[in-house]
Amino acid sequence: MQVTDSTPHASLPEAEGSILNYTVKLSSTSDIKQLDRIFLEGACQLLPFDYVLLHLSSANGREMRLKRCWDRGSRSYQSNWQQDALTDEQRRLVEKARLSPEGAQATAGGNRQIAAFSRQNDRGNSVSLVVQYASSVSAERLVAFRAFKRIYFNFRSFIDESQRDPLTGLLNRRYFDDCIHRALEVIGSEKSPVVLDAPRRSTDTRQLRHWLAILDIDHFKRFNDAYGHLYGDEILLLFSRIMEQTFRESDLLFRFGGEEFVVIMENANPAEAMAALERFRMAIHAHRFPQGERVTVSCGAIEVAGSLSAASLLGKADEALYYAKAHGRNRTFMYEDLVASGELSEAIINHTAGQVELF
Ligand SMILES: Nc1nc2c(ncn2[C@@H]2O[C@H](COP(=O)(O)OP(=O)(O)OP(=O)(O)O)[C@@H](O)[C@H]2O)c(=O)[nH]1
């Protein structure tokens, strides 16, 4: 990468002042993607980076990266989520950084330095930073950057933990409430087809719509009763891993509690949404769980429309789910299809058992 030293940047005291502002901004968001963006912006105020690259990788091998890069043409920084891999040099440095709290550093061509810092949580997910800058950058600026980076890592793991279900590592019910309200606001305002600023497949330029699905393991109680609670937990954990492997990177996966899970996913049309849910249902059915057990899942889904409240979306998806439970289990139904075929009536949301707790 050819670089110049022409990145304009503030004096050190100015940069430190603005870092204080960015630290206040970091502390006032609970949205992890916003936190990442605030950090990248703040870091570029402090040091004239050629680029700052945030690399996220999960224990199951998913990777994505957010890069903020000095663009010589527009003379400004540009940010974007990318799915492409790290370079060999960046990857080597990240791996080295995982072994040391001080990070790892290497000299690059053109009088540049590359540094990497990494933090891993106890589920094996890690967030790593790779930065490239001129070797002439002062030691004071580097010290200030390291302090800012530490604050960011701490905030990030605090937010991440508070949004996760401790058993499965999926997003939790509380975070779902935040997400769905935000999603409905964006969809309602019709400003953008993108709900949650999730990383997208770079090739997917179609206008995507969104679906909410409730997934409920069939007869889960039977596993607890037959093999004990720990075995039940193992099923929940494996079920979650299959969710992560089957759904897309951009889909949001939640455990609501017990054996109940929710997905918010992006698809172009109802047929695609149905196909994604069916693919998951079949993957669960095909999987051999410990003790040779077969597990099945029932699913009810609905398109996320800005005109509906979060409570009624959940209620309607729950209607479709209980229709699936009442009609043989191991099935997937769309609420809209059931209403269109007269199987469900639009107005009625009235369960007596196993009800999803509404807001
Ligand atoms: N192992 C384990 N079990 C849980 C957890 N949370 C809830 N459960 C159990 O999940 C079971 C849910 O049972 P039910 O609501 O009757 O549903 P089900 O047996 O899946 O039956 P259907 O949903 O009607 O197919 C209960 O036995 C709960 O004790 C958990 O975190 N771990």
Side-chain angles (χ1 to χ4, degrees), residues 59-60 121-125 160-177 211-247 252-263 274 277-302 311 313-335 338 343-344 348-359:
N60 64 15
N121 69 16
D122 47 16
R123 286 184 302 277
N125 298 339
D160 190 47
E161 289 306 312
S162 71
Q163 292 175 345
R164 301 268 162 196
D165 166 54
L167 176 67
T168 61
L170 297 185
L171 298 168
N172 61 24
R173 172 64 199 266
R174 198 171 50 153
Y175 185 55
F176 170 85
D177 294 352
W211 273 264
L212 178 150
I214 306 178
L215 314 169
D216 188 289
I217 301 177
D218 296 325
H219 297 304
F220 182 66
K221 187 173 178 309
R222 185 167 66 79
F223 299 114
N224 275 337
D225 292 349
Y227 304 107
H229 211 263
L230 275 182
Y231 179 87
D233 283 359
E234 180 69 11
I235 298 257
L236 295 172
L237 206 57
L238 293 168
F239 184 91
S240 312
R241 293 297 80 83
I242 297 171
M243 280 178 83
E244 287 174 328
Q245 286 154 14
T246 314
F247 289 104
L252 296 172
L253 312 178
F254 301 86
R255 180 180 177 218
F256 256 34
E259 81 292 12
E260 206 161 60
F261 297 80
V262 167
V263 180
M274 188 69 176
L277 294 169
E278 278 292 273
R279 191 174 57 237
F280 173 69
R281 184 187 64 74
M282 290 188 280
I284 290 294
H285 194 213
H287 190 82
R288 271 298 159 98
F289 285 81
Q291 311 287 349
E293 282 288 352
R294 293 274 186 192
V295 173
T296 62
V297 58
S298 296
C299 173
I302 184 166
L313 271 174
L314 274 177
K316 286 167 192 252
D318 199 33
E319 283 278 291
L321 169 66
Y322 279 90
Y323 186 91
K325 291 274 182 189
H327 289 80
R329 292 183 166 82
N330 189 23
R331 302 186 70 180
T332 302
F333 285 99
M334 286 280 174
Y335 176 80
L338 291 172
E343 297 295 325
L344 283 183
I348 299 170
I349 298 178
N350 178 24
H351 309 306
T352 49
Q355 188 172 0
V356 168
E357 206 181 286
L358 301 182
F359 298 91

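Along the sequence shown, residues are numbered consecutively beginning with 1. In listed order, ligands and their atoms are each counted from 1.
- Here the CZ-CG distance, from R255 to L253, works out to 14.0 Å after rounding to the nearest 0.5 Å.
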Subject >> Stepwise salt bridge (Lys or Arg N to Asp or Glu O under 4.0 Å) check, E244 with R241 >> reply: CA-CA 5 Å; E244 287 174 328; R241 293 297 80 83; 2.8 Å; yes
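- A tilted orientation is assigned to the rings of Y227 and Y231, their planes being inclined by 30° to 60°.
- For a threshold of 3.5 Å applied to N or O pairs, the pair formed by F220 and ligand 1 contains at least one separation below that value.
- Ligand-side atoms of ligand 1 in range of H219: 18 (P), 19 (O), 20 (O), 21 (O), 22 (P), 25 (O), range being under 4.0 angstrom from any heavy atom.
- The structure places CZ of F176 at 11.0 Å from CG of L171, a figure rounded to the nearest 0.5 Å.
- Within a 6.0 Å sphere centred on CZ of R294, heavy atoms belonging to other residues, nucleotides or ligands number more than 12.
- At a 4.0 Å heavy-atom cut-off, ligand 1 touches N224 through the side chain alone.
- Contacts between L236 and ligand 1 below 4.0 angstrom, taking non-hydrogen atoms only, involve the side chain exclusively.
- In the candidate list R329, K325, R255, K325 is nearest to atom 23 (O) of ligand 1, counting heavy atoms.
- Atoms of ligand 1 lying under 4.0 Å from any heavy atom of G232, numbered from 1 in the order shown and given with element: 1 (N).
- Looking at D216 against ligand 1, only its side chain comes within 4.0 Å, counting heavy atoms.
- Screening M282, R329, R281, M243 for a side-chain contact (heavy atoms from CB on, under 4.5 Å) with V297, the sole residue that qualifies is R281.
- Under 4.0 Å from ligand 1, the heavy atoms of E259 that appear belong solely to its side chain.
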